[in-house]
K.L.:
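Here you go, one structure.
Since this is a predicted model, take the numbers as computed values, not measurements. The analysis underlying the following values was restricted to heavy atoms, covering all of them including side chains, and did not include hydrogens, waters or symmetry mates.
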Amino acid sequence: MAGLLVWLWFRGVKRGLMSNEAGQGTITMAAAAADARHPCEQGLVGALGVFLDTHIICTMTGFVVIMAQQWSANPAGWEAAGTYPKFLLSIHAMAPGALDTVAMFLVSLCFCLFAYTTMVGMITFSEIAANRISSTPALIHSIRLLGVFVAAFGIFCNIAGYDLSNLWAFSDLGNIIIVYCNIPLLYMGFRYVLGATRQYNPDRGSRFCSDSIGLNTCCWNEQKNR
């Protein structure tokens, strides 16, 4: 029983991490581009994104699969289907009549948009990280080409019907390593988060100055001066 609980916990953690990137530190690259008056405002937006994505979207997806119970109604089709086709089977069983086609179209459209924006986001994050190493055109173009190659490789492998479960396991391992590297840094910088929160609560509406929490961050000081 203990082994089953550990396995379920591990599966939940890695799927949640894949879903919202909480703890990885990658989403801060997108948050840093926001023109917020205070870092706590953008922090609340980031926390809301984790809540909506994991606790709402992923939970509702799980409820659809559980309520459809296609593993018992259609065991052969369920066993042969992959992860996304299993969800489509569940929608097909739950949506009545003409709503089935509409639901399938909307889910497929959202799936394509999520996949496209995720691909663009990951390539962008890779380019930002590469710029921290070197901003030479050769390195940046290499990172872009590598991102396009990996995306094309995954598409063609899926079309050919190859099993990419080992690559997903490798991706999970990479995400976990990033989290183990990032979480100690979060603890080291937590005092600055507390300082910003204390400064934000009594003084909402004013622009943030990093000097107030013991940092000297150029972008926030420039905004304060404006």
K.L.:
How long is the gap from CG on L48 to CD1 on I56, to the nearest 0.5 Å?
P.N.:
9.5 Å
K.L.:
Are V179 and Y187 connected in a single hydrophobic cluster, I mean Ile/Leu/Val/Met/Phe/Trp/Tyr linked by side-chain heavy atoms less than 4.5 Å apart?
P.N.:
yes
K.L.:
Decide whether M104 and V64 are clustered together by the hydrophobic rule: side chain heavy atoms of Ile, Leu, Val, Met, Phe, Trp, Tyr closer than 4.5 Å, transitively.
P.N.:
yes
K.L.:
Would you say that T101 contacts F105 through its side chain, given a criterion of any heavy-atom pair below 4.5 Å between the two side chains?
P.N.:
no
K.L.:
Rounded to the nearest 0.5 Å, what's the gap from OG1 on T136 to NE2 on H141? Could you check?
P.N.:
9.5 Å
K.L.:
So which heavy atom on Q70 is nearest to which on A93, and how close?
P.N.:
NE2-CB, 3.2 Å
K.L.:
For residues V65 and F111: do they belong to one hydrophobic cluster (side chain heavy atoms under 4.5 Å, members Ile, Leu, Val, Met, Phe, Trp, Tyr)?
P.N.:
yes
K.L.:
Measure the spacing between CG of L99 and CD1 of I91 and express it to the nearest 0.5 Å.
P.N.:
12.0 Å
K.L.:
Is V120 linked to L113 within one hydrophobic cluster, defined over Ile, Leu, Val, Met, Phe, Trp and Tyr using a side-chain heavy-atom separation of less than 4.5 Å?
P.N.:
no
K.L.:
Please collect all side chain to side chain donor-acceptor pair (under 3.5 Å) contacts where either partner lies in residues 109-129, sequence neighbours excluded, each pair once.
P.N.:
E127-R144
K.L.:
CD1/I183 to CD1/I178 distance, rounded to the nearest 0.5 angstrom?
P.N.:
12.0 Å
K.L.:
If you compare all heavy atoms of S142 against all heavy atoms of A138, which two are closest, and at what distance to 0.1 Å?
P.N.:
OG-O, 2.7 Å
K.L.:
So, taking the atom named OH in Y192 and the one named OG1 in T197, what distance separates them when rounded to the nearest 0.5 Å?
P.N.:
14.5 Å
K.L.:
Which pair of non-hydrogen atoms, one from M188 and one from R191, has the smallest distance, and what is that distance?
P.N.:
O-NH1, 3.0 Å
K.L.:
For residues V45 and L52: do they belong to one hydrophobic cluster (side chain heavy atoms under 4.5 Å, members Ile, Leu, Val, Met, Phe, Trp, Tyr)?
P.N.:
no
K.L.:
Quick check: closest heavy atoms across A196 and H38, and the distance to 0.1 Å?
P.N.:
O-CE1, 3.3 Å
K.L.:
I need the minimum non-hydrogen distance between A130 and I140, along with the two atoms involved.
P.N.:
CB-CD1, 4.2 Å
K.L.:
Nearest 0.5 angstrom please: L146 CG to F153 CZ, how far?
P.N.:
12.0 Å
K.L.:
I want to check something: taking the side chain as every heavy atom from C-beta on, are L88 and V107 in contact at a cut-off of under 4.5 Å?
P.N.:
yes
K.L.:
Name the orientation class of the two ring planes belonging to W78 and W71 (parallel below 30°, tilted from 30 to 60°, perpendicular beyond 60°).
P.N.:
perpendicular
K.L.:
With side chain to side chain donor-acceptor pair (under 3.5 Å) as the rule and sequence neighbours excluded, what pairs involving residues 86-95 come up?
P.N.:
H92-D100
